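Since the structure comes first, as structure tokens, the remarks are kept for the end.
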Amino acid sequence: MEEREISRAVIGRLPRYYRYLGELLDAGVERISSNDLSKKMSVTASQIRQDLNNFGGFGQQGYGYNVKYLYTEIGKILGLNRQHNMIIIGAGNLGQALANYASFEKSGFSLKGLFDVNPRLEGVSIRGIPVRMMDELKDFLKHNEIEIAALTIPKSKAIEVADLLVANGIKAIWNFAHTDLNLPDDVIVESVHLSDSLMKLSYNITSYNEEHGSKA
Ligand code: NAI
């Protein structure tokens, strides 16, 4: 098949398709038409067909989509068909919340370690994983195959710690610290800003109120 660049927008929509298809699978649904998927997901059927055509079109005329097949193929595209070993740097509020969220494991993200500088956290375990001190990091990375590091530390420390991670072989960073990391091109960074989502919510509240007349 001819290699084609898939647009960022399509890639951005794939996790949602994957989530819905996973729910359909769990509910025992074997196949679904693009129209039914469209109603369920509030996306137009033509958008669904267009998106999925990027991957050679998994649908069949008159049959719809085979849910298991589509789920598996999208999983492969997203790289979820293999395990990703992960560590969390910063075992504070957010780091511990992420570590406690066991569902990531179901998608293949396996938490192998938690690191912090606060000696009071030494020995604390989250889901059986002990918090280690940062001076153990180098050795830990030498002896464990870790692909992803989540950064849940203060912004002021993020750049320095990201550099340390990269110098010790980390190739992917899930960055929660609100700062841009200037890392080599072969290091993949995905930054998360929950506040962006909250601002979108605020925008939607504001425009709803403008349309319907605010009571405020
Ligand atoms: P927190 O203060 O509870 O936890 C931060 C932890 O990092 C502490 O345990 C601290 O000891 C540790 N730490 C500090 N320097 C370190 C270093 N050099 N190496 C390793 N660990 C170190 O803070 P919280 O609430 O967990 O937030 C963590 C970060 O995530 C902050 O930068 C915050 O702004 C950010 N954040 C981002 C969100 C987002 O949507 N991107 C949402 C919430 C928080």
Side-chain angles (χ1 to χ4, degrees), residues 8-9 11-20 78-80 84-208:
R8 290 255 129 215
I11 302 289
R13 287 194 288 270
L14 288 186
R16 189 156 176 261
Y17 286 121
Y18 188 74
R19 194 154 39 82
Y20 271 79
L78 292 172
L80 302 176
H84 300 275
N85 290 340
M86 186 163 94
I87 54 171
I88 294 175
I89 312 288
N93 290 311
L94 185 57
Q96 292 200 21
L98 290 177
N100 268 313
Y101 188 59
S103 287
F104 294 138
E105 309 269 337
K106 274 196 247 151
S107 314
F109 299 94
S110 182
L111 181 63
K112 299 294 184 193
L114 274 160
F115 291 85
D116 206 290
V117 284
N118 183 348
R120 272 188 294 168
L121 288 170
E122 190 164 16
V124 170
S125 276
I126 293 145
R127 283 197 303 113
I129 301 156
V131 177
R132 294 180 168 86
M133 293 296 99
M134 281 299 273
D135 54 13
E136 296 173 57
L137 179 70
K138 225 173 165 170
D139 207 44
F140 184 90
L141 290 177
K142 214 182 279 168
H143 295 104
N144 293 274
E145 281 206 6
I146 306 296
E147 189 183 18
I148 303 172
L151 267 193
T152 50
I153 54 175
K155 180 178 167 169
S156 59
K157 295 285 183 294
I159 291 175
E160 160 195 337
V161 171
D163 289 344
L164 175 73
L165 287 163
V166 170
N168 287 282
I170 288 291
K171 288 288 180 210
I173 294 186
W174 196 22
N175 177 32
F176 286 83
H178 298 290
T179 192
D180 291 332
L181 306 171
N182 260 327
L183 296 170
D185 285 348
D186 63 340
V187 181
I188 320 281
V189 179
E190 176 65 31
S191 295
V192 182
H193 301 285
L194 293 182
S195 51
D196 289 7
S197 176
L198 206 47
M199 285 180 211
K200 242 194 262 171
L201 180 66
S202 159
Y203 169 81
N204 288 332
I205 296 170
T206 310
S207 46
Y208 181 90

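One-based numbering, in listed order, for ligands and for the atoms of each. These figures come from a predicted structure and were not determined experimentally. No hydrogens, no waters, no symmetry mates; every other heavy atom, side chains included, goes into these values. Along the sequence shown, the residues carry numbers beginning at 1.
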Quiz item: About how many Å separate CD of Glu122 and CG of Asp116, when rounded to the nearest 0.5 Å?
Solution: 10.5 Å
Practice problem: Using a strict cut-off of 4.0 Å, indicate which atoms of ligand 1 neighbour a heavy atom of Pro154. | Solution: 7 (O), 13 (N), 14 (C), 15 (N), 32 (O)
Exercise. Indicate, as side chain, backbone, both or neither, the part of Met134 found under 4.0 angstrom from ligand 1 when only non-hydrogen atoms are considered.
Key: side chain
Self-check item: Winner among Thr152, Asn118, Ile88, Ile153 once heavy atoms are compared against atom 31 (C) of ligand 1
Solution: Ile153
Self-check item: Residues Lys171, Asp186; criterion side-chain contact (heavy atoms from CB on, under 4.5 Å); working and verdict
Solution: CA-CA 7 Å; Lys171 288 288 180 210; Asp186 63 340; 2.9 Å; yes
Quiz item: N/O to N/O below 3.5 Å, does that happen between Phe176 and ligand 1?
Solution: yes
Quiz item: Protein heavy-atom contact under 4.0 Å for atom 23 (O) of ligand 1?
Solution: no
Quiz item: What part of Glu160, side chain from CB on, backbone N/CA/C/O, both or neither, has a heavy atom under 4.0 Å from ligand 1?
Solution: neither
Quiz item: Could you give the distance from CD1 (Ile170) to CE (Met86), rounded to the nearest 0.5 Å?
Solution: 11.0 Å
Quiz prompt | atom 33 (C) of ligand 1: nearest protein contact (heavy atom, Å) | solution = His178 CD2, 4.7 Å
Self-check item: Closer than 4.0 Å: a protein non-hydrogen atom to atom 13 (N) of ligand 1
Solution: yes
Self-check item: Donor-acceptor under 3.5 Å (Thr206 side chain, Ser202 main chain)
Solution: yes
Exercise. Could you walk me through whether Val161 and Met134 pass the side-chain contact (heavy atoms from CB on, under 4.5 Å) test, one step at a time?
Key: CA-CA 10 Å; Val161 171; Met134 281 299 273; 4.0 Å; yes
Quiz item: Looking at ligand 1, does any of its N/O atoms fall within less than 3.5 Å of an N/O of Gly95?
Solution: no
Practice problem: For atom 27 (O) of ligand 1, find the nearest protein heavy atom and state the residue, atom name and distance (0.1 Å precision). | Solution: Leu94 CB, 4.3 Å
Exercise. List every atom of ligand 1 that sits less than 4.0 Å from any heavy atom of Gly90, numbering the atoms from 1 in the order shown and giving each element.
Key: 7 (O), 21 (N)
Exercise. Specify whether Phe140 and Phe115 have parallel, tilted or perpendicular ring planes, treating 30° as the upper limit for parallel and 60° as the lower limit for perpendicular.
Key: perpendicular
Quiz item: Do any nitrogen or oxygen atoms of Val192 lie less than 3.5 angstrom from nitrogen or oxygen atoms of ligand 1?
Solution: yes
Quiz item: What's the verdict on side-chain contact (heavy atoms from CB on, under 4.5 Å) for Lys106 and Ser103, showing C-alpha distance, side-chain angles and the deciding distance?
Solution: CA-CA 5 Å; Lys106 274 196 247 151; Ser103 287; 4.0 Å; yes
Exercise. Could you list the atoms of ligand 1 found under 4.0 angstrom from a heavy atom of His193?
Key: 40 (O), 41 (N)
Quiz item: Do Phe109 and Trp174 have ring centroids that are under 6.0 Å from one another?
Solution: no
Quiz item: In a check of side-chain contact (heavy atoms from CB on, under 4.5 Å) between Leu165 and each of Val187, Ile87, Ile148, which one passes?
Solution: Ile87
Quiz item: In terms of atom number and element, which parts of ligand 1 are under 4.0 angstrom from non-hydrogen atoms of Val161?
Solution: 18 (N)
Quiz item: Just which atoms of ligand 1 are under 4.0 Å from any heavy atom in Leu121?
Solution: 9 (O)
Practice problem: Please assess Leu183 against Ile188 for the test side-chain contact (heavy atoms from CB on, under 4.5 Å), listing each intermediate value before the final yes or no. | Solution: CA-CA 8 Å; Leu183 296 170; Ile188 320 281; over 6 Å; no
Quiz item: Do ligand 1 and Asp116 have nitrogen or oxygen atoms that lie under 3.5 Å from each other?
Solution: yes
Quiz item: So which protein heavy atom does atom 4 (O) of ligand 1 come closest to, and at what separation?
Solution: Gly92 CA, 3.2 Å
Quiz item: Going by the atom numbers of ligand 1, which of them fall below 4.0 Å from some non-hydrogen atom of Lys155?
Solution: 32 (O)
Practice problem: Using a strict 4.0 Å cut-off to heavy atoms of Ile89, name the atoms of ligand 1 that fall inside it. | Solution: 20 (C)
Practice problem: Say whether Leu194, considering both its backbone and side-chain N or O atoms, lies within less than 3.5 Å of an N or O atom on ligand 1. | Solution: yes
Quiz item: Under 4.0 angstrom from atom 16 (C) of ligand 1, is there any protein heavy atom?
Solution: yes
Quiz item: Does Arg127 reach the side chain of Glu105, with side-chain heavy atoms less than 4.5 Å apart?
Solution: yes
Quiz item: Rounded to the nearest 0.5 Å, how far does NE2 of His84 lie from OG of Ser110?
Solution: 11.0 Å
Quiz item: Looking at Val124, Ile126, Ile89, Leu98, which one forms a side-chain contact (heavy atoms from CB on, under 4.5 Å) with Leu114?
Solution: Ile126
Quiz item: Based purely on interatomic distance, does Asn93 place a nitrogen or oxygen under 3.5 Å from a nitrogen or oxygen of ligand 1?
Solution: yes
